[in-house]
Amino acid sequence: MPGEPTHEDAAVTEPASTLDRDASGWPQLHVSRHPAVLHKLAVLRDERTEPKKFREVVRELSWLLGYEALADVEVRPIPVTTPLETMDGHELADRIGLVPILRAGLGMVDAMLELMPTAQVWHLGLFRDERTLRPVEYYNKLPDSATVDLCLILDPMLATGGSATAAIDVLKRWGASRIKLINLIAAPEGVDAVTHAHPDVTLYCAAIDRQLNERGYILPGLGDAGDRQFGTGLSD
Ligand code: PRP
Ligand code: URA
């Protein structure tokens, strides 16, 4: 609507320290406002957080975001006999596939498997070419056709959106009909790219940060999520 503020306007008028970007321009995007998420996110961002603690917090945040992202999965009734009587319980009806993007998405898998122990895990290997910032696929062992109803793509960072868009392209070619993308931190540029390319995909994250820098890193962000989890990148 003319005259309404957009997220581009917000980039100009908000103070640099503001992290809570207005997500109303992206109806497919859910940004968690849970206090536990906000608290853990600050620990994750802190440059003093060592890899062991960093991995622990990635796992905890993944559990909390996963809990929110799974709120609408299908269940079907099953009879359950308690020590006192038989009742109608529920079991998951959707076949769920977790798709961690290597490397950094690996740290999100265990928490999601705690939530959904019967989920299948399909790894996708993508890295960003440092020069072009375009994703390069290096690992994909998906079978010929889709074996799940709902795919949850796991990756801590949504920066330019190139990796997530490529992952969604792969999953759609595979036959996935429902896809959700779970990130810890997203840049507005990445949300724009994914929602434009794939308006049917729902996105979940803990924060929309301000912008990308000239090397495609999220500001303020947390640095390199893979390096911080696995203790690499020390020569940078
Ligand atoms: C990081 C991150 C995403 C990608 C996001 O991975 O985990 O996969 O960058 O950037 P984009 O939105 O601009 O594509 P990276 O390429 O650093 O690989 P790694 O996980 O192996 O460190
Ligand atoms: N990948 C990361 O790990 N961090 C960023 O800020 C951008 C891409």
Side-chain angles (χ1 to χ4, degrees), residues 11 16 19 21 26 28-29 31 41-47 49-51 53-55 57-59 61-62 65-66 98-112 121-141 151-171 179-198 201 203-236:
L19 303 179
R21 299 296 304 269
W26 298 294
Q28 311 92 313
L29 173 68
V31 184
L41 194 54
V43 177
L44 196 72
R45 291 181 187 278
D46 192 325
E47 63 180 357
T49 300
E50 299 293 336
K53 181 72 178 169
F54 192 92
R55 290 192 295 273
V57 181
V58 166
R59 179 193 175 97
L61 280 167
S62 303
L65 288 180
L98 305 178
V99 185
I101 307 302
L102 307 179
R103 282 176 305 170
L106 284 176
M108 302 174 71
V109 175
D110 284 353
M112 296 297 297
V121 183
W122 296 106
H123 299 86
L124 271 188
L126 296 170
F127 69 85
R128 279 198 320 182
D129 179 298
E130 281 185 13
R131 196 176 45 83
T132 63
L133 299 183
R134 295 302 305 155
V136 179
E137 184 177 319
Y138 64 93
Y139 186 86
N140 175 354
K141 286 272 165 78
C151 285
L152 304 180
I153 300 175
L154 310 177
D155 194 331
M157 308 305 273
L158 179 64
T160 64
S163 304
T165 303
I168 296 166
D169 287 340
V170 167
L171 293 177
I179 299 173
K180 294 179 184 237
L181 172 65
I182 306 184
N183 305 115
L184 301 186
I185 298 179
E189 294 89 332
V191 178
D192 275 339
V194 172
T195 54
H196 185 258
H198 297 289
V201 171
L203 289 71
Y204 297 82
C205 68
I208 305 291
D209 275 10
R210 196 174 71 246
Q211 67 186 90
L212 298 178
N213 71 8
E214 65 291 347
R215 292 175 57 214
Y217 276 84
I218 299 174
L219 297 175
L222 51 70
D224 187 300
D227 285 345
R228 292 200 62 188
Q229 283 183 79
F230 301 117
T232 52
L234 300 176
S235 58
D236 286 354

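Please read these numbers as outputs of a predicted model, since none were measured by experiment. In each ligand, atom 1 is the first atom listed, and ligand 1 is the first ligand listed.
Atom 6 (O) of ligand 2 has as its closest protein heavy atom Ile218 N, 2.8 Å. Of the protein's non-hydrogen atoms, Arg128 CD, 3.2 Å is the one closest to atom 10 (O) of ligand 1. Among protein heavy atoms, atom 5 (C) of ligand 1 sits closest to Met157 O, 3.6 Å. Given atom 8 (C) of ligand 2, the protein heavy atom at minimum distance is Arg128 NH2, 3.5 Å. Atom 17 (O) of ligand 1 has Asp224 OD2, 4.0 Å as its closest protein atom, hydrogens excluded (heavy atom only). Residue, atom and distance of the protein heavy atom nearest to atom 5 (C) of ligand 2 are Tyr217 CD2, 3.4 Å.
No side-chain donor-acceptor contact under 3.5 Å links Arg128 to the backbone of Val136. With hydrogens and angles disregarded, no donor-acceptor distance shorter than 3.5 Å links the side chain of Arg134 to the backbone of Asp129.
Interface of Ala104 with ligand 1, defined as ligand atoms under 4.0 Å from a residue heavy atom, comprises 7 (O), 20 (O). Listed by number with element, the atoms of ligand 2 under 4.0 angstrom from any heavy atom of Gly216 are 7 (C). Counting the atoms of ligand 1 from 1 in the order shown, those under 4.0 Å from a heavy atom of Ser163 are 4 (C), 8 (O), 11 (P), 14 (O).
Closer than 4.0 Å to atom 20 (O) of ligand 1 lies at least one heavy atom of the protein.
Side-chain contact check for Thr160 versus Glu189: every heavy-atom pair is 4.5 Å or farther apart. At least one side-chain heavy atom of Val170 sits under 4.5 Å from a side-chain heavy atom of Leu124.
Ligand 1 has a nitrogen or oxygen under 3.5 angstrom from a nitrogen or oxygen of Thr160. Ligand 1 has no nitrogen or oxygen under 3.5 angstrom from a nitrogen or oxygen of Gly226. Considering both main-chain and side-chain atoms, Gly161 comes within under 3.5 Å of ligand 1 through a nitrogen or oxygen pair.
In summary, Asp227 and Arg103 engage in a salt bridge, as defined by a charged side-chain N under 4.0 Å from a carboxylate O.
Across the listed options Ala225, Gly223, Ala159, Gly223 owns the non-hydrogen atom lying nearest to atom 4 (N) of ligand 2.
A distance of 8.0 Å separates CG in Asp224 from CE in Met157, rounded to the nearest 0.5 Å.
If you look at Asp155 next to ligand 1, the close heavy atoms, those under 4.0 Å, all belong to the side chain.
Not a single heavy atom of Gly216 sits closer than 4.0 Å to an atom of ligand 1. Look at Leu133 and you'll find every heavy atom at least 4.0 Å from all atoms of ligand 1.
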Go through it in stages, so that I can follow the logic: the residues are Lys141 and Trp122, the test is side chain to side chain contact (heavy atoms under 4.5 Å, CB included), and I'd like the CA-CA distance, side-chain angles, deciding distance and then a yes or no. CA-CA 7 Å; Lys141 286 272 165 78; Trp122 296 106; 5.6 Å; no

